[in-house]
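Reminder, nothing fancy here: chain letters follow the sequence lines and each chain counts from 1. In this text, all values refer to a predicted model and were calculated from it rather than measured experimentally.
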Amino acid sequence: MRQRLAEIILNSLNDLKKKGVIPEKVEIPPIHFEIPKDRKLGDLATNIAFLLASIVKMPPKKLAEEIVHNIFLSHEDIEQVEVAGNGFINVFFKPLYWQKILVQIRENFASFCSPEIGKGKRVNVEFVSANPTGPLHVGHGRCAVIGDALARILQKVGYEVTKEYYINDAGRQMEILGKSVFIRYKQALGQEILFIEEGYQGDYIVDIAELIIIEKGDLYLSLSDEKVVPLFTKIAADSILEQIKKDLEKTRIKFDIWYSEKKLYETNAVEQTIQLLQKKEWIYEKADALWMKTTAVGDEKDRVVIRSSGEPTYYASDLAYHKDKFERKYDRIIDIWGADHHGYIDRIRAITRALDFDEDKLSILLVQLVRLLHGKKQVNMSTRKATFTPLNEVIEEVGVDAARFFFLLRRYDSHLDFDLDLAKKQSSENPVYYTQYAHARICSIYRELEKKSLTLPPPDTSLLQSIEEIEIIKKLSLFQQVLIEAAETFEPHRLTFYLIETATLFHKYYNLHRVISEDLNVSSARLYLVGVVKMILAEGLQILGITNPEKM
RNA sequence: GCGCCUGUAGCUCAGUUGGAUAGAGCAACGGACUUCUAAUCCGUAGGUCACAGGUUCGAAUCCUGUCAGGCGUACCA
């Protein structure tokens with residue numbers, strides 16, 4: 001439609017050239033249409049007169065009028081074209097146009113919901129990737145839900161999506177985890193030793209220690225750290241990871257790949273990556289340590305890859321990991337991190353530069369931190385000190401639907417306050433119910449129809465003429481575009497807001513017009529419309545991983 | 001100090017990628033249930049888009065500076 005309109009305007013402009021109103025040599029910029037926010041301003045509007053005004057030295061309004069006067073209007077879908085404001089050209093469609101759109105959406109619903117912009121392209125979304133040193137907290141939950149919803153959206157628009165979790169199951173933090181368990185083990189068996197300051201203090205560590213006692217008793221009590229800690233590390237990591245998987249499953253999140261950092265060491269991938277980078281002179285030696293030249297990509301200093309002690313840093317395995325991800329030949333790689341990792345961006349960018357990977361394929365999304373509140377008091381969220389609130393607890397308290405919807409209710413780069421004291425109240429005020437309610441209400445209309453056992457005539461969409469009905473169709477027609485935009489900008493919240501707005505239009509309509517009435521023809525047409533609303537709501541909620549109840 | 005993010009109604013947030021008179025929800029006030037579900041709807045009130053410049057036909061949106069908040073700035077993760 002936009003294309004055809006652009007042609008009409010272009011024809012008019014060419015005509016004006018012939019008439020000498022505008023100079024022949026003027027180059028006409030692409031004619032762009034947008035949807036005005038006020039419906040009184042028409043269905044589509046273009047600013048072309050503004051763009052041309054300065055070039056042809058005419059007031060925009062005058063130019064717009066010339067353009068409109070020159071339009072030979074014979075298009076069956078267009079009601080009128082008018083000039084408004086200082087020179088906008090507004091186009092109004094006939095109801096017939098929208099009625100046809102409605103039928104198109106319904107008849108081709110599956111393809112309408114699955115624009116194939118990503119067809120044949122593979123994308124990897126890596127998110128959460130929390131260390132298996134403790135349960136997931138609310139902050140992880142936000143990343144988890146956003147990443148998952150984004151993956152679902154990308155899938156919907158045709159991409160082949162891989163959801164990946166990178167498990168940091170190697171390195172110093174894991175050793176501390178093992179030590180923490182060992183100390184709790186000893187303490188539980190009656191030894192009086194102090195807990196280490198950097199240790200993990202959560203109760204779950206005690207639980208793991210007690211489980212070991214139940215299974216093996218005091219078998220390890222007299223053994224040395226070197227012998228026990230690696231074993232305890234593994235037991236703890238496995239157990240915690242198990243819990244993480246359960247929590248994610250409860251949040252309706254399933255990963256395709258669980259990628260182990262430890263494997264990168266076992267297969268020598270880290271070593272090989274470092275050797276390769278050394279050969280390419282991106283890694284050099286200084287003060288007994290190996291350094292990566294991250295300053296070459298704008299970092300403020302070079303970063304250590306191998307410590308002088310010979311121990312690799314996490315950066316070492318991250319290099320190998322991203323090298324591997326690139327070598328798996330995705331068309332797009334998306335990393336979703338907590339915003340506190342932003343200093344890491346340059347470091348990861350360095351590898352794409354060093355190994356000649358296409359930098360544009362990598363997108364790093366920083367999800368802003370969740371600030372946890374107890375009423376007015378801020379709660380510090382530390383895994384080590386165990387002062388966090390587990391995601392698990394929140395999900396149980398407010399439910400998966402409300403929790404997911406809540407996290408998808410704002411842009412990922414906005415800071416989020418999560419007030420635990422209000423969590424329950426928030427859940428009852430959560431717009432998720434408003435949206436689901438619209439769906440349930442429509443289902444209820446169908447039930448009513450069945451109860452009355454009415455047989456309706458085939459729908460005649462030309463009966464859908466009211467402002468509210470046309471407004472709803474307009475909104476429905478945007479669904480595909482919203483999906484595409486959410487996918488292209490990596491912003492799932494756009495879909496959330498769209499669904500709320502659609503629900504709003506429906507609720508208003510519902511209060512104003514009865515769907516099922518004595519006039520069977522009208523009833524049939526309205527049911528047809530409302531049926532599409534239901535389909536769109538169900539589809540949208542499903543994409544966000546939220547249920548669409550038929551009764552509430 | 002430097003870097004990243006944020007600053008929009010009392011509160012929580014949107015804002016169609018630079019468009020027309022800046023919008024929702026919550027909270028406040030006033031209305032609508034013998035009706036397909038009132039978890040809804042209608043109305044009133046609420047604003048110097050942090051501040052100051054700049055770019056142009058046009059700025060909440062882009063640029064510069066200032067202020068405020070958050071985060072980062074390790075041979076921690």
Between [N] and [M], how far is it from one [atom1] atom to the other, in whole Å?
{"N": "B/rG10", "M": "B/rU17", "atom1": "P", "answer": "28 Å"}
{"N": "B/rC26", "M": "B/rC42", "atom1": "P", "answer": "11 Å"}
{"N": "B/rG46", "M": "B/rA52", "atom1": "P", "answer": "22 Å"}
{"N": "B/rA50", "M": "B/rG7", "atom1": "C1'", "answer": "6 Å"}
{"N": "B/rU8", "M": "B/rC13", "atom1": "P", "answer": "9 Å"}
{"N": "B/rU73", "M": "B/rG19", "atom1": "C1'", "answer": "40 Å"}
{"N": "B/rG69", "M": "B/rG30", "atom1": "C1'", "answer": "38 Å"}
{"N": "B/rU16", "M": "B/rA22", "atom1": "C1'", "answer": "14 Å"}

Any residue in residues 45-67 of chain A with a heavy atom nearer than 4.0 angstrom to RNA chain B? Just list them by number, or reply none.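 Correct list: A/Ala45, A/Asn47, A/Phe50, A/Ser54.
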
How are the rings of [X] and [Y] set to each other: parallel, tilted or perpendicular (split at 30° and 60°)?
{"X": "A/Phe479", "Y": "A/Phe112", "answer": "tilted"}
{"X": "A/His493", "Y": "A/Phe497", "answer": "perpendicular"}
{"X": "A/Trp337", "Y": "A/His341", "answer": "tilted"}

If you take atom types as modelled and just measure distance, does the side chain of A/His415 reach the base of B/rC5 with a donor-acceptor pair under 3.5 Å?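 Side chain to base: pair found, below 3.5 Å.
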
Does the side chain of A/Gln173 pick up a donor-acceptor pair with the side chain of A/Thr133 at under 3.5 Å?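 A/Gln173 vs A/Thr133: no donor-acceptor pair found between side chains.
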
Applying salt bridge (Lys or Arg N to Asp or Glu O under 4.0 Å) to A/Glu448 and A/Lys452, what does each step give before you reach the verdict? CA-CA 6 Å; A/Glu448 176 71 12; A/Lys452 288 188 172 163; 3.4 Å; yes

According to the salt bridge (Lys or Arg N to Asp or Glu O under 4.0 Å) rule, which pairs have a member within [range], sequence neighbours left out?
{"range": "residues 481-492 of chain A", "result": "A/Glu485-A/Arg494, A/Glu491-A/Arg494"}
{"range": "residues 134-143 of chain A", "result": "none"}
{"range": "residues 513-538 of chain A", "result": "A/Glu469-A/Arg526"}

Assuming nearest nucleotide by heavy-atom distance, tell me which of A/Lys40 and A/Arg447 is located more 5' along RNA chain B.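 Result: A/Lys40.
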
Are any of the side-chain nitrogens in A/Glu468 or A/Lys508 under 4.0 Å away from the carboxylate oxygens of its partner?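 Between A/Lys508 and A/Glu468 there is no salt bridge, as every charged N stays at least 4.0 Å from the carboxylate O atoms.
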
Salt bridge between A/Glu471 and A/Lys475, side-chain N to carboxylate O under 4.0 Å?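 Salt bridge flag = no for A/Lys475 with A/Glu471.
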
How would you list all residue pairs meeting ring pair (Phe, Tyr, Trp, His ring centres under 6.0 Å) that involve residues 31-61 of chain A, not counting sequence neighbours?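 Every pair satisfying ring pair (Phe, Tyr, Trp, His ring centres under 6.0 Å) with a residue in residues 31-61 of chain A: A/Phe50-A/Phe88.
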
Can you check B/rC71 for me, syn or anti if syn means within 90° of 0?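 Because its glycosidic torsion lies more than 90° from 0, B/rC71 adopts the anti conformation.
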
Answer syn or anti for B/rU55, where the cut-off is 90° from 0 on the glycosidic torsion.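 Base orientation: anti.
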
Please evaluate residues A/Gln275 and A/Glu271 with respect to the criterion side-chain contact (heavy atoms from CB on, under 4.5 Å), reporting the C-alpha separation (whole Å), side-chain torsions for both, the decisive distance (0.1 Å), and the verdict. CA-CA 6 Å; A/Gln275 279 167 6; A/Glu271 212 183 306; 3.7 Å; yes

Heavy-atom pair with the smallest gap, counting every atom of A/Ile153 and A/Pro492: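 Smallest interatomic distance, heavy atoms only, reads CD1-CA, 3.7 Å.
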
Rounded to the nearest Å, what distance is computed from the [atom1] atom of residue [X] to the [atom2] atom of nucleotide [N]?
{"X": "A/Leu520", "N": "B/rC36", "atom1": "CG", "atom2": "C1'", "answer": "14 Å"}
{"X": "A/Leu505", "N": "B/rA24", "atom1": "CG", "atom2": "P", "answer": "12 Å"}
{"X": "A/Asn86", "N": "B/rU56", "atom1": "CG", "atom2": "P", "answer": "18 Å"}
{"X": "A/Glu468", "N": "B/rU40", "atom1": "CD", "atom2": "C1'", "answer": "15 Å"}
{"X": "A/Phe405", "N": "B/rA39", "atom1": "CZ", "atom2": "P", "answer": "18 Å"}
{"X": "A/Glu82", "N": "B/rA20", "atom1": "CD", "atom2": "P", "answer": "17 Å"}
{"X": "A/Trp337", "N": "B/rC4", "atom1": "CH2", "atom2": "C1'", "answer": "13 Å"}
{"X": "A/Ile445", "N": "B/rU40", "atom1": "CD1", "atom2": "P", "answer": "16 Å"}

Provide the full list of side-chain hydrogen bond (donor to acceptor under 3.5 Å, both in side chains) pairs with a residue in residues 285-300 of chain A, sequence neighbours left out, each pair given once.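 Checked against side-chain hydrogen bond (donor to acceptor under 3.5 Å, both in side chains) - neighbours excluded - the pairs reaching residues 285-300 of chain A are A/Thr294-A/Asp299, A/Thr295-A/Asp302, A/Asp299-A/Arg303.
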
Are A/Leu527 and A/Tyr446 close enough, and set up right, to give a side-chain contact (heavy atoms from CB on, under 4.5 Å), and what steps lead you there? CA-CA 8 Å; A/Leu527 194 70; A/Tyr446 279 99; 4.0 Å; yes

Could you go through nucleotides 14-17 of chain B and list every protein N or O atom that sits under 3.5 Å from one of its N or O atoms, giving the distance for each pair?
unit_1 : atom_1 : unit_2   : atom_2 : d
B/rA14 : OP1    : A/Arg411 : N      : 2.5
B/rG15 : OP1    : A/His493 : NE2    : 3.2
B/rG15 : OP2    : A/Arg411 : NH1    : 3.2

Pair assignment for RNA chain B - dot-bracket with | for other-strand partners, Watson-Crick or G-U under 3.5 Å: (((((((..((((.....[...)))).(((((.......))))).....(((((..]....))))))))))))....

At a cut-off of 3.5 Å, list every protein nitrogen or oxygen paired with a nitrogen or oxygen from nucleotides 30-33 of chain B, distance to 0.1 Å.
none

Tell me, with the steps shown, if A/Lys179 and A/Glu175 meet salt bridge (Lys or Arg N to Asp or Glu O under 4.0 Å). CA-CA 6 Å; A/Lys179 275 186 188 158; A/Glu175 201 185 319; 3.7 Å; yes

At under 4.0 Å between heavy atoms, what does [X] touch on the DNA or RNA strands: base, sugar-phosphate, or nothing?
{"X": "A/His439", "value": "nothing"}
{"X": "A/Asn90", "value": "base"}
{"X": "A/Phe88", "value": "base"}

If the sugar-phosphate is the primed atoms plus P, OP1 and OP2 and the base is the rest, what is the B/S/- string for nucleotides 72-77 of chain B, using protein heavy atoms under 4.0 Å? SSSBSB

According to side chain to side chain donor-acceptor pair (under 3.5 Å), who are the partners of A/Tyr434, at least two apart in sequence or on a separate chain?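 With sequence neighbours excluded, A/Tyr434 shows a side chain to side chain donor-acceptor pair (under 3.5 Å) to A/Thr504, given in chain and number order.
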
Name all residues meeting the side chain to side chain contact (heavy atoms under 4.5 Å, CB included) criterion together with A/Ala45; count only those two or more places apart in sequence or in a different chain, and write none if there are none.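 Residues passing side chain to side chain contact (heavy atoms under 4.5 Å, CB included) with A/Ala45: A/Pro36, A/Asn90.
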
